[in-house]
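Down below is the structure, laid out as structure tokens.
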Amino acid sequence: MRPNSQSIKHRSSHTTEREFGGTLGATCIPIFLPLTVLYLISVSRSPEASVLQWPPVLPPTNYLWDPVAPVLLLGWMALHIFIYLLPFGKVSEGLVLRDGTRLKYPINGFHALCISVVLLMLLLWLGAPLGYLFELLLPLAVCAVGLSFLLSFYLYIRSFWAPRHALALGGNTGNPLYDFFIGRELNPRIGNFDLKYFCELRPGLIGWVVINFGMLMKEVELRDSPSLAMILVNSFQLLYVSDALWNEEAVLTTMDIVHDGFGFMLVFGDLAWVPFTYSLQAAFLVVHPQSLSALGATTIIALNGIGYYIFRKSNSQKNQFRRDPTHSSVSKLETIATATGKRLLVSGWWGLVRHPNYLGDLLMALAWSLPCGFSHLLPYFYVVYFTILLIHREARDERQCRTKYGLAWDTYCRRVPYRIFPYLY
């Protein structure tokens, strides 16, 4: 099989802008992030749970492999591919692509979550040892990392048969290491099966919920009942995942789908980073149980509620404005006109800060960590990482919007000076 003439033509036309530290970052990140995942899981299981311990906690090699792990992982992927292809749920169109077309996407992610929960309850009723997921965390993470590399290599190779207009603007630099990391093809598909869209919200995000439940069942095995801290962590994160999948259609306008190519960065993030680092609080609580007072639990629930309210209301306002700016809920909001024909919101939630949804996200992240107490840093890894991620994402968005909207964006920034935290940043 030979690359077509279009793919030969686009070899001579490369983008030059590079993010994430360029070639150096693209070389180091695929090495150090998988090691970080394995290290954090190992630390969460150790008695000290110290991320600053030296020498670092390293698991015995026999802890890294279990023949059950690849069977579970591949079975999980197959289940969600099957659900994705089922003919239920509505079908939505994405944004207009550079060639003027629109791709169609099945909106059935919430169905996938519900089916997964039903299957999980069935396994529980049948007496399946769901707590064994605690022992399988490291082997499953190793398999997820391996699958991430295999899928990323496949995506990189197949991109050379893609037409020029199908490549991501930032993933065609001509540098193999960088393009492998960032992703060359924007929307790689096998028939109607969209690989990026599938991985974005399905196996990893729902897998995170399953891992959390496995940690809860492990705590039941050890202590006869789940702790309040474990119940809060499971409940908060289930709400977050449910919200994402209930509002699945909104992902079609996000940076990941619209701008970024599908390479190692997103593949690894979706399949390995999300399920195995976002579940660290639950894994930590298995070995390091925490007690919560009624006042403490109430305060944490209130914080998560406030964060969720800001997150959901701001996202809903943005999505409604994008769908129908004449709708009664957004028609009276103040806007700024741009040369592209689009308008920028400068009132409502989006007049408070430029990314109110990020503010809500970070408040929820803190609420997920607080049930783990203050004796260890590890449960707060997610808060620290997510703060860095969102600040970096905001900076990327800032550059793209300034390029896209020009003077209108400068006007917007003067009207809405704060990026994420009101009166702070």
Side-chain angles (χ1 to χ4, degrees), residues 40-41 44 49 109-110 112-114 116-117 120-121 130 133-134 137 201 204-220 225-248 250-251 273-316 356-387 389-390 420:
L40 290 172
I41 294 173
S44 72
F110 190 76
L113 174 63
C114 292
S116 299
V117 170
L120 208 57
M121 294 303 102
L130 297 178
L133 280 173
F134 178 74
L137 270 183
L201 291 181
L205 208 64
I206 301 175
W208 169 22
V209 170
V210 173
I211 290 172
N212 276 354
F213 188 70
M215 301 307 102
L216 184 147
M217 293 309 300
K218 184 64 178 180
E219 191 174 53
V220 170
S225 64
S227 64
L228 178 57
M230 180 69 83
I231 292 172
L232 289 183
V233 168
N234 270 257
S235 301
F236 292 162
Q237 296 181 350
L238 175 60
L239 171 64
Y240 187 79
V241 172
S242 300
D243 178 89
L245 293 166
W246 181 260
N247 297 282
E248 183 180 22
V251 80
W273 185 263
V274 166
F276 294 102
T277 63
Y278 287 23
S279 58
L280 277 175
Q281 289 98 341
F284 171 85
L285 288 171
V286 172
V287 183
H288 308 88
Q290 304 290 319
S291 59
L292 288 175
S293 66
L295 177 61
T298 302
T299 303
I300 293 169
I301 292 170
L303 178 63
N304 190 75
I306 293 169
Y308 178 72
Y309 181 81
I310 295 171
F311 173 81
R312 177 44 36 220
K313 283 292 186 179
S314 58
N315 274 324
S316 295
N357 52 338
Y358 291 1
L359 174 62
D361 239 333
L362 290 171
L363 291 177
M364 286 189 287
L366 180 59
W368 300 351
S369 300
L370 288 174
C372 299
F374 300 100
S375 59
H376 295 81
L377 292 175
L378 179 69
Y380 294 87
F381 169 82
Y382 177 78
V383 182
V384 175
Y385 148 75
F386 209 53
T387 301
L389 172 73
L390 292 183
I420 300 176

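Asn247 has its side chain within reach of Arg312: a pair of non-hydrogen atoms, C-beta onward, lies under 4.5 Å apart. Inter-residue side-chain proximity for Phe236 and Ile301 is flagged as met; some heavy-atom pair is nearer than 4.5 Å. Between Phe213 and Leu238, every side-chain heavy-atom pair lies at or beyond the 4.5 Å cut-off. Residues Leu295 and Thr299 form a side-chain contact, since some pair of their non-hydrogen atoms from C-beta on lies under 4.5 Å apart. Residues Leu216 and Glu219 are not in side-chain contact: their nearest non-hydrogen atoms beyond the backbone lie 4.5 Å or more apart. In this structure the side chain of Phe386 never reaches within 4.5 angstrom of the side chain of Met364, judged on heavy atoms. Here the side chains of Leu133 and Met215 are in contact, with some heavy-atom distance below 4.5 Å. No side-chain heavy atom of Asn315 sits under 4.5 Å from any side-chain heavy atom of Asp243.
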Next item on the list: Please assess Tyr380 against Leu370 for the test side chain to side chain contact (heavy atoms under 4.5 Å, CB included), listing each intermediate value before the final yes or no.
Entry: CA-CA 8 Å; Tyr380 294 87; Leu370 288 174; 3.5 Å; yes
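Aromatic ring pairs are classed by plane angle as parallel below 30°, tilted from 30° to 60° and perpendicular above 60°; the pair Phe381 and Tyr385 is parallel. Taking the six-membered ring for Trp and thresholds of 30 and 60 degrees, Tyr240 and Phe311 have ring planes inclined between 30 and 60 degrees apart.
Atom-to-atom distance recorded for Thr387:OG1 and Tyr358:OH is 12.5 Å, nearest 0.5 angstrom. Remark: Leu366 CG to Asp361 CG distance equals 12.5 Å, nearest 0.5 Å. Atom CZ of Phe284 is separated from atom CD1 of Ile41 by 15.5 Å, given to the nearest 0.5 angstrom. For the atom pair CZ (Phe134) and OG (Ser44), the distance works out to 6.5 Å, reported to the nearest 0.5 Å. In this structure, CD1 on Ile310 lies 4.5 Å from CG on Leu359, to the nearest 0.5 angstrom. Taking CD of Gln237 as the reference point, atom OG of Ser279 lies at 7.5 Å (rounded to 0.5 Å).
With hydrogens and angles ignored, the 3.5 Å screen pairs no side-chain donor or acceptor of Ser316 with any backbone N or O of Lys313. A donor-acceptor pair under 3.5 Å is absent between the side-chain atoms of Asn304 and the main chain of Ile300, judged by distance alone. Looking only at distances, a side-chain donor or acceptor of Ser293 sits under 3.5 Å from a matching main-chain atom of Gly296.
Between the side chains of Gln281 and Ser369, at least one donor N or O sits under 3.5 Å from an acceptor N or O. Asn212 and Tyr278 are not linked by any side-chain donor-acceptor pair at a separation below 3.5 angstrom, with hydrogens and angles left out of the test.
Closest non-hydrogen pair, Leu280 versus Leu40, comes out as CD2-O, 3.7 Å. Ala282 and Met230 make their closest contact through O-CE, 3.3 Å (heavy atoms, listed as atom of the first residue, atom of the second, distance). Scanning all heavy atoms of the two residues, the minimum distance from Val274 to Gly204 falls at CG1-O, 4.2 Å. The two residues Leu285 and Pro371 make their nearest non-hydrogen contact at CD2-O, 4.2 Å. Of all non-hydrogen atoms in Ala294 and Thr298, the two that sit nearest each other are O-OG1, 2.7 Å. The heavy-atom pair separating Leu363 from Gly307 by the smallest distance is CB-CA, 3.8 Å.
Around CG of Leu377, the count of heavy atoms belonging to other residues, nucleotides or ligands within 6.0 Å does not exceed 12.
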